[in-house]
Each structure stands twice: as structure tokens, then as C-alpha cells.
Number of protein chains: 2
Amino acid sequence: MASRTGRVTATDVAKEAGVSQTTVSYVLNDVPHQKISDQTRRKVLDAVAKLGYKPSAAARALRLGRSDLVLMFLPDVPVGGTITALVEMLGDELERHGLNLVTRREHHAPLKSLWRELMPAAVMTAFEVSDEDVASMRAAGIHVVSAGMGPDAAPGVLTIPQTVIGAMQVERLADTGHVRIGYAAPGDPRLRDFLALRLEGARTACAERGLEPPVLLDVPLDIAAAAAAAEQWHSAVPAVTGVCAYNDETAFALLAGMRRVGLSAPGDLAVIGVDNDKLAPFAMPPLTTIDNNLDVVVGRAARMIVSGVTGRALPSSPQVTPVSLVVRESA
Amino acid sequence: MASRTGRVTATDVAKEAGVSQTTVSYVLNDVPHQKISDQTRRKVLDAVAKLGYKPSAAARALRLGRSDLVLMFLPDVPVGGTITALVEMLGDELERHGLNLVTRREHHAPLKSLWRELMPAAVMTAFEVSDEDVASMRAAGIHVVSAGMGPDAAPGVLTIPQTVIGAMQVERLADTGHVRIGYAAPGDPRLRDFLALRLEGARTACAERGLEPPVLLDVPLDIAAAAAAAEQWHSAVPAVTGVCAYNDETAFALLAGMRRVGLSAPGDLAVIGVDNDKLAPFAMPPLTTIDNNLDVVVGRAARMIVSGVTGRALPSSPQVTPVSLVVRESA
DNA sequence: TTGTAGGCGTTATCAG
DNA sequence: CTGATAACGCCTACAA
């Protein structure tokens, strides 16, 4: 049966079923205007099952000019749990549609070299890819989905509105009576793009409420440095009483710094994070934070990719901002 | 130049360079016993650069009978940051050798169906794959690397000694004067395999020091439940004074529970975690924990995979246990 | 040292 | 409804 390579091919299936190899292909791909008798179909399917036939992804890709791979480019930042979780979930989701996710950091492989090589069915770019590259991919028949950070909702762009996050933080603080707001920036400069947008959202929200712009301080992942920042906010005049942290990690550092200098949350300084980290409920005090609701984002991304690849129109997505506030005790 | 498909092929390169397609292949693959004149080589390489030629992974895979994909099967557990980080790092590392990592949860795709389809160069199985499957993959020429949890150091098996982790925790507690040890198990039943091994390591270490076996309690990710467990340990006679947590997440929950009932660490109950989570330094008090040193593990895994695929012998690895103690304040 | 030719497993075209 | 047959792009004996 199996040729000398040991592989079960469609031809083997055809022989086993007593039909032509073409018929096997038709049955397996559910070719439309080809009426196959139920009996024939059955014979083929039985042979497939009996032989354990699996079509070769390589041969298929070669023939079709596109593989079943989905290439995802990640920003070259210290990917917090957020993005890794997103990758994890997206991979699971795409797999249900027969797609395989391959991730790559942007700086490692210059994109163009990789997509020409892999002929992916789709490419998902996180946040920064030149329009030129996108254009040439599209020209090559690759479906491109970009994840934008801003408030723009261009077609084919998955929006993860960073500005909304910052705004939501400010709103929570304002709603709980804080008038003078601080913003805790992460030390890592590679996060500045995200920071800029979140900060902008916070600024806008402050302006809308008639508050002064947030007082920006760096809070590196270091207790002593965080403590210094905490004191600076606390002793300012007028004092900052509520701080938006760039993310939960920064928030944890800040809370630790505050403890060191005897400041408590939310009494002396309210703190609100971003990410809803697994450990957020166990912070001292339990951390109020913004949840990205990744499941929603991933679902949306998967739908965009799958519908693009299969050519089906996507079931109109509600386009609700998936970001939500999780109130605990720190703010 | 480019054929109607828009793709630049090796034939296009050959035409551009004024040589045969065979020569192009020889140059690009550095075929040994083929003496290519430097002049010819140059012409080919220039043409490659000029045209931006990239070999088709699909065609290559079809011809060679193996792709440049590396398939990694993950255990179907709530993969903590530990494993996701490992995946991330491994992907980066393999990429340097022209390999592409594709991950899959075990329960989703029944393995066999996937490897037959993708013809991966290597498969990395995390923790649980039947010997039968491994055998058939090997028979198909796929290099298989398994990650074992136990103390066994079989060839082709990457050892991540869970028992050592438990032992190391106990040793730290014993070294700091604790005589009655507790073990905080995670609520999630899917972690029981890991738990069993870590616990076994802890038991053995206790026995070696002449201590009673650790007092095992479930510490779910819930402050109230964790508080109850803390009280139970604290009020036992003789009292448990030091607890090994299954991981940092459990440790954080336990510390939070202790705070609720007025118990402090390490005074009333010393706590030691596992994972060295990013947030561990910011726990209250800063969490003493065990670091898996993933970079070491990943490096080893990558070497095993790459050497297996390229057929080169692997540079003898020191086989030192990569696990190490990180002392902070909680134990 | 270089060129010719065949086939890896699929899908698609075109006759029967 | 089914059966030959031709690519898809690459590697590699075998010839020249």
C-alpha cells in the first residue's frame, strides 16, 4: 500500500476504495458542483479512516500557493502575561479551523523574508508594520489583520484601544473622589508606545472632568525607586491621591514601595492597575484594575482571520470595547 | 521574470544569473562535493539578492519529506507563566536555526493526526505521550524530544526534575530552623501530576532530615479558603511553621489569607513558592521562591532539537539541575 | 563544473 | 459522475 516513503497518500486511499484519486480529492474537499454518489463517498471515507490518511500540508501548500500557517508578529517588548495569553488563546482558536499559528518577534526575522518563505494563509501584525509590507502581502494574496492600539477602527484592523484603558482608570479615580491624579510609567523604554496612548487617554479623561493633567512619574520595578515616587506624589501640593499604574506589575511595585514608607492604599494613595493579573486579587490590598478581556479580543481576531482566509463574511461583531473595570480594594 | 504566480523561483534566479537551476540549488545549499567556481557562486548570490528570492518552504518540505516545523505538545493544564515563557523562549531560539515552532494542546489535536500532516522536523512532547506514538514518529524519521518531570535521565529526554523543587523548598525551611513542614497544594486537579512529584520530593527531603512528612492542605486561589488553611497549620500541635507552596500563585493566595487572619510571614508561618514570578519581589513580604531557570532549560531543549535535526552531535551539556533558590523575606 | 530530467503529494482542467 | 494528466517549486542522481 504505502509507497516506499511510508506515507499514506491519496492514491493509496483511491486504490483501497477502488476509485480514482481524483474522486478522493473531490470527496475530501467537498467540491461543490460535483455530484458524488453517497455510496462512493462512503467507500472513500471508509478507506480514509482505515488507512489513517492525512493529506500532506506541504503538497497542499505547494499546489494551492498558500499554507495553513498563520504568522503572527509580536512587538519586541517584554511581553507581559497579557500578550502571551493572547497568543496562547489565539493558537487554540485558530486550530479549530485547521490553521496553525507561528509567532515571531519583529526584530528577529525581517518579516518579508519569512512570509515569502512560508506562504501563510494570513498574517497578523501586532502594532507596527510598514504599509508597504502590508501592501505586498496583500498583493501576494495573504490576508492581513493588523492590531491597532489607537482609537481608529479602520477595516481589517483589530482595535485594542489603549486610550480607553487610561481613560477608564482616571474615571474610576475621579468617581471615587480623587481630584489630583498621578500616572505611574514603567521603566522599560520599549513600552513607550503603549504608554503614550494610555497616558493620552488618561489626559483626555482628566481634561473632560476639569482635572489637572496626571502627574507622571517613572516607577521602575524596584521597591526603593517605587517608594520614592510614592512619597513624591504624596507630598506634592496639592497632593496626588490616586495613581493610574501602567500595568499590574507597576502597580505591585508601587504598592510595595508605599508599604516601605508607611503609605497605605487607598487611604494615602489609591492605585489602579491594568491587566487583571492572576495575582491581582492577592495584592495588599487587593488590586483594582482594568481587564483587557482577552477572550473577546481573541475571538474577534480569530474571526477576522478565519473569515478572511475562508472568504466568508464575518458575522457582524458588536465592536464593543472589551475593556472593563475590576473593582477590588486598592482604588 | 517571476512566473505568472508572482513568486520568484529558483528558476528565475538561474535565468537572471545565467546558469542552470541546479547550480542555484547547489550554491544555496552549500552542497559538499560540488566545486562551484567563485565567480558562478557570486553571480548566483547576486541574483538571489537582486530578486529577493526566498525558497518555498512548502516545496522544500514536499521534496525532503520533512518541513522546518517543530511541533510542541503542551500538557493540558492551566499553563502558568512558566510554560508560556518557555514556549516563547524556545520559539526564539529555534528560529535562529531556521526552525518554526508550532504549539498545540494535547487534548485538541490527537497528535498523530497532526504530525502526519505537518511532517515536522522534530516533535517536542511535554510530559505525556504514549511510547507507541513516539515509536511511530521516530520510524517516520521525526526527531522526538520528550520533557520528563521525574528524576530519570533517559537519553533524548529533557529532564525537568520536579522532585528537586520540592526537596529544595524543604531544605530551605529546615535550614532556617523549621521542623514541622506544611505543603500547600493547588486546587486545580489538572496539576496533580506535577503536584505528586513535587510533593514526593518534599517528603523525601523531610525523611532525610528526620522530619515528619509535610502536612498537606489544599490552598485554592481564594483568600477565605487560604486563610482557613493557614489557621489550620498554625493551630496544629505541634504547629506547622513553614509551608512549601505548589507555586507562587498559591503562595500569594496563602500570604493573602494569612493577612486576613492576622498571621505574618515568616514569623507565624514561613512561605516558600515556586516559579520566581515577576511579582514575587513585590509580595508582602517579598516571596522566597524556587527559580526554574528556564533559560537554561530552553537552551538545552533547543540544543537537543537542533542537534537532532541537523544530525550533529550535541555539545556535551553539563546536565546540572537548573533549579535554584531565590531567598527574599517570606522564608 | 554544469545541465537534464524525474518525482515528492495535491489540486484542477479536461475529456470520457 | 469518474479517470488521466499537468503543474506547484525544489532537490538530486545521472549525464555531459
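Keep in mind the model is a prediction, meaning the values are calculated, not measured.
- Checked by atom type and distance alone, the side chain of B:Ser136 pairs as donor or acceptor with a backbone atom of B:Glu132 at under 3.5 Å.
- B:Asp295 is not listed as a side-chain neighbour of B:Glu93, based on a closest heavy-atom distance of 4.5 Å or more.
- With rounding to whole Å, B:Ile36 atom CD1 is found 11 Å from C:dG3 atom C1'.
- Within 4.0 Å (heavy atoms only), B:Ser25 reaches at least one base atom of the nucleic acid.
- Recorded end-axis angle for the helix from C:dT1-D:dA16 to C:dG16-D:dC1 stands at 40°, based on five pairs per end and rounded to 10 degrees.
- Atom-to-atom, CG of A:Leu64 to C1' of D:dA7 comes out at 13 Å; the value is rounded to the nearest Å.
- We find that A:Asp12 and A:Lys50 are not joined by a salt bridge, their nearest charged nitrogen and carboxylate oxygen being 4.0 Å or further apart.
- In this entry the distance linking CG of B:Leu118 with P of C:dT10 reads 14 Å, nearest Å.
- With 3.5 Å as the limit, one finds no donor-acceptor pair spanning the side chains of A:Thr22 and A:Ser25.
- The side chain of A:Ser20 contributes an N or O atom lying less than 4.0 Å from OP1 or OP2 of D:dG3.
- Remark: B:Thr9 is not in phosphate contact with D:dG9, judged by side-chain N or O atoms under 4.0 Å from OP1 or OP2.
- Straight-line distance from the NZ atom of A:Lys15 to the C1' atom of C:dG9: 13 Å, rounded to whole Å.
- Remark: C1' of D:dC10 and CZ of B:Arg7 are 10 Å apart, rounded to the nearest angstrom.
- The side chain of B:Leu62 sits closest to C:dG9 out of C:dG9, D:dC11, C:dT13.
- If you find the closest nucleotide of DNA chain C to B:Gly18 and to A:Ala59, the one lying nearer the 5' end belongs to B:Gly18.
- The shortest distance between the side-chain N/O atoms of B:Ser37 and the OP1/OP2 oxygens of C:dT2 is below 4.0 Å.
- Considering every non-hydrogen atom in both B:Leu294 and B:Ala85, the closest pair reads CD1-CB, 3.9 Å.
- Note on B:Thr22: a base of the nucleic acid sits closer than 4.0 angstrom, heavy atoms only.
- Between B:Arg63 and D:dG9 there is no side-chain N or O to OP1 or OP2 distance below 4.0 Å.
- Scanning all heavy atoms of the two residues, the minimum distance from B:Val24 to B:Val44 falls at CA-CG1, 4.1 Å.
- Using a 4.0 Å heavy-atom cutoff across all strands shown, B:Thr40 reaches sugar-phosphate atoms only and no base atom.
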Between side-chain atoms of residues 53-70 of chain A and protein atoms elsewhere (two or more places apart, or another chain), which donor-acceptor pairs fall under 3.5 Å?
from: A:Ser56; atom 1: OG; to: A:Ala58; atom 2: N; distance (Å): 3.3
from: A:Ser56; atom 1: OG; to: A:Ala59; atom 2: N; distance (Å): 3.0
from: A:Arg66; atom 1: NH2; to: A:Gly141; atom 2: O; distance (Å): 2.8
from: A:Ser67; atom 1: OG; to: A:Leu69; atom 2: N; distance (Å): 3.2
from: A:Ser67; atom 1: OG; to: A:Leu118; atom 2: O; distance (Å): 3.0
from: A:Ser67; atom 1: OG; to: A:Met119; atom 2: O; distance (Å): 3.0

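- For B:Tyr53, taking side-chain heavy atoms from C-beta onward, the closest of the listed nucleotides D:dG3, C:dT11, D:dC10 is D:dC10.
- Note: CZ (A:Arg60) to C1' (D:dA7) measures 17 Å, nearest angstrom.
- If you take OH of B:Tyr26 and C1' of C:dT2, they are 9 Å apart, rounded to a whole angstrom.
- In this entry the distance linking CG of A:Asn29 with P of C:dA12 reads 7 Å, nearest Å.
- A salt bridge between B:Arg105 and A:Glu88 is present, with a side-chain N of the basic residue lying under 4.0 Å from a carboxylate O of the acidic one.
- The nucleotide whose nearest atom lies closest to any side-chain atom of A:Gln21 is, among C:dA12, D:dC10, D:dG9, C:dA12.
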